[in-house]
Amino acid sequence: MKPFTEDVLEVIRSIPEGRVMTYGQVARAAGSPRAARQVARVLHSMSRKYGLPWHRVINAKGEIALKNEEAAYEQQMSLESEGIVVINGRISLNQFQYEKES
DNA sequence: GCCATGGCTAGTA
DNA sequence: GCCATGGCTAGTA
């Protein structure tokens with residue numbers, strides 16, 4: 001597994017319960033500011049086997065990005081079980097976005 | 001070639 | 001709604 005991938009996994013694992021990060025934010029934290037799509041790809045193909053808190057990653061607009069209805073529903077349930085408020089598939093980034101401090 | 005993006009326009013109201 | 005972006009997993013041979 002490549003360093004970038006490992007960094008992405010580590011960043012995702014570091015998101016605390018009850019908080020979210022965006023794809024772009026994860027990419028930046030992993031050292032590749034323009035690799036937001038790769039984050040999506042990693043999540044798509046690796047979240048199951050690596051037991052990631054995949055539900056805590058959303059898009060820059062604060063929305064659940066999954067197209068698949070069932071999966072999107074599952075994500076919403078997981079988020080709500082941690083106290084994150086989801087309204088019309090959208091989360092308030094102001095309230096729930098995790099900002100790593102320096 | 002895939003991907004669960006993102007940011008910036010054009011075009012509507 | 002368009003399109004530039006980029007690092008690589010899964011699956012075949």
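Letters A, B, ... are given to chains in the order of the sequence lines, protein chains preceding strands, and every chain is numbered from 1. Model, not experiment: these values are computed from the prediction.
- The distance between atom OH of A:Tyr73 and atom P of B:dA4, rounded to the nearest whole Å, is 22 Å.
- Relative to the side chain of A:Arg41, the nucleotides C:dA10, B:dG6, C:dT9 differ in distance, and C:dT9 lies closest.
- The side chain of A:Arg37 lies closest to B:dC3 when the candidates are C:dA10, B:dC3, C:dG7.
- In this structure, the NZ atom of A:Lys61 is 14 Å from the P atom of B:dA4, given to the nearest Å.
- Within 4.0 Å of A:Tyr23, counting heavy atoms only, lies at least one base atom of the nucleic acid.
- The gap from the C1' atom of B:dG6 to that of C:dT9 amounts to 23 Å, rounded to the nearest Å.
- Rounded to whole Å, the distance from CE on A:Met21 to C1' on B:dA4 is 16 Å.
- Across all strands shown, A:Ser32 has heavy atoms under 4.0 Å from sugar-phosphate atoms exclusively, and none from any base.
- The side chain of A:Ala60 lies closest to B:dG6, out of B:dA4, B:dC2, B:dG6.
- Nucleotide B:dA10 forms a pair with no other nucleotide shown, judged by Watson-Crick or G-U wobble geometry with both contacts under 3.5 Å.
- What you find for A:Ala30 and A:Val11 is that their closest heavy atoms are N-CG2, 4.2 Å.
- Spacing between atom CD of A:Glu70 and atom C1' of B:dA4 amounts to 16 Å, rounded to whole angstrom units.
- The distance from atom NE2 of A:His44 to atom P of C:dC8 is 17 Å, rounded to the nearest whole Å.
- Looking at A:Glu99 and A:Arg19, no side-chain N of the basic residue comes within less than 4.0 Å of a carboxylate O on the acidic one, giving no salt bridge.
- Atom CG of A:Asn59 and atom P of B:dG7 are 10 Å apart (whole Å).
- In this entry the distance linking CZ of A:Arg48 with C1' of C:dA10 reads 17 Å, nearest Å.
- In the set B:dG6, C:dT9, C:dG7, C:dT9 carries the atom at the smallest distance from any side-chain atom of A:Ser45.
- Comparing A:Arg34 and A:Thr5, the nucleotide of DNA chain C nearest to each residue sits closer to the 5' end for A:Arg34.
- B:dG7 and C:dC8: their C1' atoms are spaced 24 Å apart (whole Å).
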For A:Glu63 and A:Ile58: C-alpha separation, side-chain torsions, deciding distance, then whether side-chain contact (heavy atoms from CB on, under 4.5 Å) applies. CA-CA 6 Å; A:Glu63 297 165 339; A:Ile58 62 180; over 6 Å; no

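- In this structure, A:Leu9 and A:Met46 have side chains that are in contact, with non-hydrogen atoms separated by less than 4.5 Å.
- Taking atom CE of residue A:Met46 and atom P of nucleotide B:dA4, one finds them 16 Å apart after rounding to whole Å.
- A donor atom on one side chain and an acceptor atom on the other are not found under 3.5 Å apart for A:Glu74 and A:His55.
- Pairing partner, C:dT5: none, since no Watson-Crick or wobble contact has both distances short of 3.5 Å.
- When each of B:dT5, B:dG6, C:dT9 is scored by its nearest atom to the side-chain atoms of A:Ala40, the top-ranked nucleotide is B:dT5.
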